[in-house]
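Proteins come first, then strands; the chains are lettered A, B, ... in the order of their sequence lines, and each starts at number 1.
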Number of protein chains: 2
Amino acid sequence: MESRCESCIIRQFNSLRAMSKEELKKVSDSKVTKSIKKGEPIFEEGEKLDGVYCIRNGISKLSKLSANGKDQIVKLASKGDVIGQRSVVAEENVNLSAVAVSDMEVCFIPKEHIVSTLQTNPNFTLEVLRHMAHDLKEADDVVVNMSQKNVKQRVAEAFLYLKSNYGEDEDGFLTLTLSREDISNVVGTAVESCIRIISEFKKKGFLKTSGKKIGIIDERALKELAEGF
Amino acid sequence: MESRCESCIIRQFNSLRAMSKEELKKVSDSKVTKSIKKGEPIFEEGEKLDGVYCIRNGISKLSKLSANGKDQIVKLASKGDVIGQRSVVAEENVNLSAVAVSDMEVCFIPKEHIVSTLQTNPNFTLEVLRHMAHDLKEADDVVVNMSQKNVKQRVAEAFLYLKSNYGEDEDGFLTLTLSREDISNVVGTAVESCIRIISEFKKKGFLKTSGKKIGIIDERALKELAEGF
DNA sequence: CAAAAAACATGATATTTATCAATTTTTAAT
DNA sequence: ATTAAAAATTGATAAATATCATGTTTTTTG
């Protein structure tokens, strides 16, 4: 039931692929697989993490809560992503909370193995570094989008992102269904504003909905809108 | 005149301190020191960099220009910071432009030396990784601030940041004088809105100005405002 | 130093976005 | 299946922010 890291395909997508056989064996022997139900937390902002979580299945939101109750989602993490890595590397408490937005399966890897491999295997360290460099660019892009695009453009982008990253089902609805509140928290806007924009996009024939499910009808129109035409 | 990296104090503040003597010698032999005048670019968004820049003196803004002409400043880099590192690590073109906001002195270090050290010296790689982990956290914080705080709060934060990072002169004015436009581009707002807020802060006795110079009078008030009281 | 350019400042107004209130729909629980 | 709770929706309105216009000050340049 508990599969071995050595034979885990997920590994191909993240920095663990740069580990040696022996390193991987240690990781595999000490890892703990956990099931997390939609809505449950993996870790909370401010906690001290004893390891990282490698996502085998499902999707998690990484977010930060403000004093006034607003929760900004900074990133969505899914299959192959390793979360908690930043704080383990920096030896700091986590700065974001991770909550499952779909049922998940994750492997907890104690930090000793990560840290010792970081200190001795430059390939692994470089691989982690490359991933982090990529995350940093993405974070910078988000900053720029937040300030240079208006809410309508950001909502359009969010749906394009959801489609290109998580795909759509046979009926053309986005595979990952987020609540309107979560969408608002990705976009950084009030729920009502977000809903109004979704309604507008529906009227214009850009989107379709069925319950909380959302499907993209006119991708080109959304792209043009997001780019500012 | 051209000093050696081995004896450069700046090094203590960045990841170069993790280099061995031999590695550092190669860097020192191949580095090129450049003077950059206020307003001049170090590199531009989209360029392919052949190395990184280690800042010896002065301050640079890292920003991204949008189609509609808005320029969002993502980060200010100063003494000891190494810029261009992210794109060298990720082997990508730079995603941000770097322009001097004060006269600068930088050392250009060809990327071969960085890359080869990354591949062989895990201490160095780990050190770079730690720095990048820190930058990533900061970028995430900026995202959260942009969405959870209003313009007034972000302007207040900007001045507190400028004071705590670059200090003030004997007359109590911020050492780093940015144009109103640059401040707006840090905060992510229209120049006029930014100016109005500065005027308001002056009226309330939080700030003083003299030409384009700005001084903080009531730091506590700014802090409280930024935190949302 | 004078003229021109750039940066700063303020008012009037338009636009965007948030908030509050109320209703409907969907989901979850018994 | 029925009811309670949660989520989604819409309208009315307020607040925040951007834009446009115009005047003033500061800086730069010949």
How many whole angstroms separate atom [atom1] of [X] from atom [atom2] of [N]?
| X | N | atom1 | atom2 | answer |
| --- | --- | --- | --- | --- |
| A/E200 | D/dT9 | CD | P | 14 Å |
| B/I198 | C/dT10 | CD1 | P | 10 Å |
| B/K38 | C/dA6 | NZ | C1' | 13 Å |
| A/N185 | D/dA7 | CG | P | 12 Å |
| B/K213 | C/dA7 | NZ | C1' | 17 Å |
| A/K203 | D/dT9 | NZ | P | 12 Å |
| A/I195 | C/dT24 | CD1 | C1' | 12 Å |
| A/E181 | C/dT25 | CD | P | 21 Å |

B/K208 to B/F173, cation-pi by 6.0 Å centre distance and 45° axis angle: yes
Is the NZ or CZ atom of A/K31 both under 6.0 Å from the centre of the six-membered ring of A/F108 and within 45° of that ring's axis?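 No, A/K31 and A/F108 do not form such a contact.
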May I ask you to decide if B/I73's main-chain N or O and B/N185's side chain share a donor-acceptor pair within less than 3.5 Å?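 No, B/N185 side chain to B/I73 backbone: no donor-acceptor pair under 3.5 Å.
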Any side-chain N or O of A/K212 less than 4.0 Å from the OP1 or OP2 oxygen of D/dA8? yes
Can you name the atoms? Protein N/O to nucleotides 13-21 of chain D N/O, anything below 3.5 Å, with the distance.
| residue | atom | partner | partner atom | Å |
| --- | --- | --- | --- | --- |
| D/dT17 | OP1 | B/V151 | N | 3.1 |
| D/dA18 | OP2 | B/T189 | OG1 | 2.5 |
| D/dA18 | OP2 | B/A190 | N | 3.3 |
| D/dA18 | OP2 | B/S193 | OG | 2.8 |
| D/dT19 | O4 | B/R196 | NH2 | 2.8 |
| D/dC20 | N4 | B/E192 | OE2 | 3.3 |

Would you say the side-chain atoms of B/S147 and A/Q72 include a donor-acceptor pair closer than 3.5 Å?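 There is such a pair between these side chains.
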Non-hydrogen atoms of B/V143 and A/A139 that approach each other most closely: CG2-O, 4.0 Å
Specify whether B/F206 and B/F201 have parallel, tilted or perpendicular ring planes, treating 30° as the upper limit for parallel and 60° as the lower limit for perpendicular. tilted
